[in-house]
Each structure stands twice: as C-alpha cells, then as structure tokens.
> 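Pasting in a structure now, in structure tokens, and then I'll have a few things to ask.
Atoms within each ligand, like the ligands themselves, are counted from 1 in listed order.
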Amino acid sequence: MKIGGHVSAAGGVDTAVQRALDIGANCFQIFITSPRTWRKNTYSDEQIAEFSKGIDTYGLKPVFIHALYLVNLATDNKELLEKSIDALAHALIMADRLGIQGVIYHTGSKRDRDHDEAMTQVIETMKEVLKRAPGKSQLIVEGAAGQGGALGSTFDELGQMIKGASSDRVKVCLDMCHLFAAGFDLRTKTGIDETLGEFDQKVGLENLVVIHSNDSKFGLGEARDRHENIGEGKIGNEGFRLLVNDSRLTNLPWILEVPGFGEHKGPDQKNIDQLKSLHRD
Ligand SMILES: [Zn+2]
Ligand SMILES: [Zn+2]
C-alpha cells in the first residue's frame, strides 16, 4: 500500500524527503509556503533538483502539495479571490517543477452568498487557475467537513465542480474525517458502500486520486473538522479496517494528517504502522 503523511518542508523543500523517510512513508504531502500567509518561498534550483532526486531514489511517490488554508474560491472579496487564484497557480507551477502529482485545496466558504452564484464563480475560477498554470499537475479539490457555508461537503457539489471545470487535470481528495463529519458513516460496510456508491454516481471514482486518512475527534455528522489518530477517533479501527481493504480505495495513496500518538508529533510512524496493520495483504 501507499501510505504516508503530511511532512514539514521547513528549511527547504528538499528537507521533506528525509522527514518522509523518518516516519516510514512511501508517499507524502507538503506545504510549499506557510499555510497561513500569502508569502511565497523561493527554492533554489539545487533544492528542487535535490528534492526530485530524493523522491526518485527512494520511490517516494506520489507527492502532493497542500495549498494554503487562506484560499477561498467562493468569496465575494475580489482581492482575496485574486490572491487565491495566484496561490493555486503558483502551487501548480511548483508541482510541475518538483515532479509532484498535484495540489490539494479547500474550496472555501461562500458565507451567506447565493449558492449558485458562488458555485459558478468557483468553477470559473478553477478554469482560470488551470489557464495560468498550463502544465500537467492536477488541481485536486478536497471534500469539506460540512461546516456552514463551506462548498464541497456534498457529492452533488463536488460533482458540479468536476463536471463544470471539465478538465482531466481536475481531481478529488476525500478526507475520511471530513466525510464522517459531513454525515457519511464510515464505520460499517453498508455505510461505506452507500458513501462510495453515491460518490461514484455523482463524482466518479475515477476522479478520486488521494485519500486523507484521518480519524475524527467528533461524531458522525457533527460538522467539526478535528483530526484524530487512527483508531483513537470516532471512525475507529474497525472503520479503517473496512476502508483500507476496500478494493475501490486500497490502491490509492493514503496521506495521514493526524496529531500523532504520545508526543503529538504527528503524523508519525505509529499511525502509518497502525494503518498498515489493518490492511490484509
Ligand atoms: Zn485533509
Ligand atoms: Zn481537516
């Protein structure tokens, strides 16, 4: 299985490679800028070459960039929207330079705007981002946790985005914690079958390229986005056992974004081992 985690790239993008190896990951995710500021980091050609060499040498693939948390494609604030487009386009361009598969982002909140108006803007904005970064890296929308105003918590909305943007570079990331928070019961085979069945019908399983493998601190449908270690949350080991062994999901990359056992330095090797132990080969 491909199991990895979000690792820090502090001190240069090339430093992420060793951090991924340290937790026993064979795929991973990074931020290329601080997720809470708009400031862009510059990486030297040497650092970029070192990074690409590292992921090739150790077979650490695929790699993903997680976009800034500030990005909001549904906002009615023009300045924020322009910054969001610029940040996503920059991340896509960097992904192509680094040999990274794609950029995972949260659509953001429409607040009290009209739903259809916001959705139309989101789709137009996705097209604009792709136009400004005409490479091959994927623009990967992450499902939201059902918080008020956030777009992308339902498969209807994700399906609209995928169909509306109509580019084979647009893909989807499902976060198990977000799904559970949004009301999809991942604790039983029936719940998982219903979830993936609806996803396939409205979005298409062929568009699902990565899993965020997080247990949930809060309960089903509570719309709270708080990640928990595998087995320590409300989805639990039994839910993850069913998920990792599901033939529709097993072969995808599983990226952990969890607090970590013990010292809270997650995602840690113990979470990776826990997920692996639930998978019967
Ligand atoms: Zn996530
Ligand atoms: Zn989350």
Side-chain angles (χ1 to χ4, degrees), residues 2-9 16 20 23 25 27-36 62-74 87-88 91 95 100-109 138-155 157-158 161 170-184 186 195 199 203 207-236 239-240 243-244 249 252-260 264 266-268 271-272 275:
K2 278 287 176 184
I3 307 180
H6 183 97
V7 297
S8 166
I23 58 167
C27 58
F28 63 100
Q29 173 182 288
I30 53 171
F31 293 127
I32 53 163
T33 54
S34 157
R36 297 180 203 281
V63 183
F64 299 92
I65 290 172
H66 198 296
L68 311 185
Y69 296 133
L70 301 171
V71 162
N72 187 347
L73 305 191
L88 285 181
I100 287 177
Q101 181 173 325
V103 177
I104 300 170
Y105 71 99
H106 303 170
T107 300
S109 175
Q138 297 171 342
L139 183 63
I140 306 168
V141 53
E142 176 166 359
Q147 313 95 312
L151 288 182
S153 299
T154 68
F155 296 157
E157 289 173 353
L158 291 174
M161 292 175 200
V170 174
K171 302 291 178 192
V172 177
C173 167
L174 285 181
D175 186 309
M176 298 301 110
C177 168
H178 299 183
L179 276 184
F180 192 69
F184 295 95
L186 307 175
T195 302
F199 181 86
V203 189
N207 292 312
L208 179 60
V209 294
V210 53
I211 302 282
H212 275 172
S213 177
N214 306 314
D215 209 332
S216 173
K217 201 180 265 304
F218 289 95
L220 178 67
E222 286 195 69
R224 298 284 303 275
D225 181 10
R226 288 285 299 280
H227 302 179
E228 186 50 282
N229 297 314
I230 301 298
E232 291 200 321
K234 302 285 187 194
I235 300 173
F240 276 97
L243 289 165
V244 291
L249 305 178
L252 292 169
W254 290 68
I255 305 284
L256 291 145
E257 303 168 310
V258 292
H264 291 284
D268 48 358
N271 269 285
I272 290 181
L275 202 55

> Tell me which N, O or S atom from Asp175 is the closest to the Zn ion (ligand 1).
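Sorting the N, O and S atoms of Asp175 by distance to the Zn ion (ligand 1) puts OD2 first.
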> Let me see the working for His227 and Asn229 under side-chain hydrogen bond (donor to acceptor under 3.5 Å, both in side chains), right down to the final yes or no.
CA-CA 7 Å; His227 302 179; Asn229 297 314; over 6 Å; no
> Where does the angle between the aromatic ring planes of Phe31 and His66 fall among parallel (under 30°), tilted (30 to 60°) and perpendicular (over 60°)?
perpendicular
> Report whether any nitrogen, oxygen or sulfur of Cys177 sits less than 2.8 Å from the Zn ion (ligand 1) (N, O or S, backbone or side chain).
no
> Test of geometry: compute the angle OD1(Asp225)-the Zn ion (ligand 2)-NE2(His178) and round it to 10°.
90°
> Tell me if the centroids of the rings in Tyr105 and Phe64 come within less than 6.0 Å of each other.
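Judged by ring-centre distance (under 6.0 Å), Tyr105 and Phe64 do not meet the cut-off.
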> Report yes or no: do Glu257 and His6 form a side-chain donor-acceptor pair below 3.5 Å?
no
> Take the Zn ion (ligand 1) as the vertex and measure to OE2 of Glu142 and OE1 of Glu257; round to 10°.
180°
> For the Zn ion (ligand 1), what is the closest N, O or S atom on His212?
ND1
> Do the ring planes of Phe155 and Phe184 sit parallel (below 30°), tilted (30 to 60°) or perpendicular (above 60°)?
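Taking Phe184 first and then Phe155, their aromatic rings lie parallel (interplane angle under 30°).
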